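Inspection log for the structure reproduced underneath, given as structure tokens.
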Amino acid sequence: MNIAVFCSGNGSNFQAIADNLKSFQPAKVALMVCDNPKAYALERAKRAGVKTVLVERKNFNSKDEYEAKIIANLEQEQIGLICLAGYMRLVGPKFIKRYRHKILNIHPALLPAFKGTHAVLDALDYGAKVSGVTVHFVDEEMDRGPIILQQALEIKADDTEDSLAERIHRIEHQLYPEAVRLFVEGKLKIAGRKVKIC
Ligand code: GAR
């Protein structure tokens, strides 16, 4: 199965998935889709020998046109699974319809708590004692789709955004490849909101 990873920034989750799948015959990361020319993720893909496509929203009149360009690239590479990994954009309804139940996202909190783009800081500012990581299917609403895997971690009294983000990343780098493998092996069955791992 060919996998595409979507990134906007650092790309450490891309790296974790690509490295993990090296020893996994049935799947490979075949494409990185990136919306930010300055993203370090592009450099990581180059080093990992993964094809990249840079698609910038500002070069298109509408979100539909922007996503049509991305879909054309995904179809060319015969992509069977899309992993959003620090891709800081909402995926549009047409895109989701085309790849229904084939898009995963990783979120740095225990959903449905702390949705959005500043989840690590939001959990810290809220005074939460526990946060974590969620890998979920993507549906039409942000951070809402059926949950595949979650792992909790304790927030320490002296945590800063950086220290907490670092521990969250360590968990992400284990959890995301695990979810990808489960998907590729056909072990995820969706029933409504629930994902059964067979
Ligand atoms: C990750 O922590 C991911 O959970 C988060 O962005 C980071 C990307 O790191 N995603 C979101 O906040 C989505 N709402 P990376 O570029 O090093 O993989």
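Given the structure is predicted, the values throughout are model-derived calculations rather than measurements. Both counts, for ligands and for their atoms, begin at 1 and track the order of listing.
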Start with the C-alpha gap between Asp35 and Arg57, add the side-chain angles, then the distance that decides, and say whether salt bridge (Lys or Arg N to Asp or Glu O under 4.0 Å) holds.
-> CA-CA 7 Å; Asp35 66 340; Arg57 176 65 183 86; over 6 Å; no
Identify the closest protein heavy atom to atom 7 (C) of ligand 1: which residue and atom is it, and at what distance?
-> His169 NE2, 4.1 Å
Subset of ligand 1 atoms that lie under 4.0 Å from at least one heavy atom of Asn10 = 16 (O), 17 (O)
Below 4.0 angstrom from a heavy atom of Gly116, which ligand 1 atoms are there? Numbered from 1 as shown, please.
-> 14 (N)
Ion pair Lys94/Asp64, N-O distance below 4.0 Å = yes
Under 4.0 Å from a heavy atom of Glu172: give me the atoms of ligand 1 that qualify, with their elements.
-> 1 (C), 2 (O), 3 (C), 4 (O)
List the steps, then state whether side-chain hydrogen bond (donor to acceptor under 3.5 Å, both in side chains) holds for Asn13 with Glu172.
-> CA-CA 7 Å; Asn13 279 286; Glu172 290 186 334; 3.1 Å; yes
The option among Pro108, Gly9, Ala39, Cys83 carrying the non-hydrogen atom nearest to atom 11 (C) of ligand 1 is Pro108
For Gly86, the ligand 1 atoms whose distance to one of its heavy atoms is below 4.0 Å | 6 (O), 8 (C)
Any side-chain donor near an acceptor of the partner, Ser8 and Asn36, under 3.5 Å | no
Near His107, which atoms of ligand 1 are under 4.0 Å from a heavy atom of that residue?
-> 4 (O), 14 (N)
Asn105 N/O under 3.5 Å from ligand 1 N/O | no
Between Lys63 (side chain) and Leu90 (backbone), is there a donor-acceptor pair under 3.5 Å?
-> yes
Would you please test Glu154 and Lys129 for salt bridge (Lys or Arg N to Asp or Glu O under 4.0 Å) and show each step?
-> CA-CA 6 Å; Glu154 188 187 340; Lys129 304 287 188 194; over 6 Å; no
How about Lys102: does its NZ atom have over 12 heavy atoms from other parts shown lying under 6.0 Å from it?
-> no
Gly11 heavy atom under 4.0 Å from ligand 1 = yes
Geometric N/O contact Ser12 with ligand 1, under 3.5 angstrom = yes
salt_bridge(Asp159, Arg167) N-O dist < 4.0 Å = yes
For ligand 1, which atoms sit closer than 4.0 Å to a heavy atom of Met88?
-> 6 (O), 10 (N), 11 (C), 12 (O)
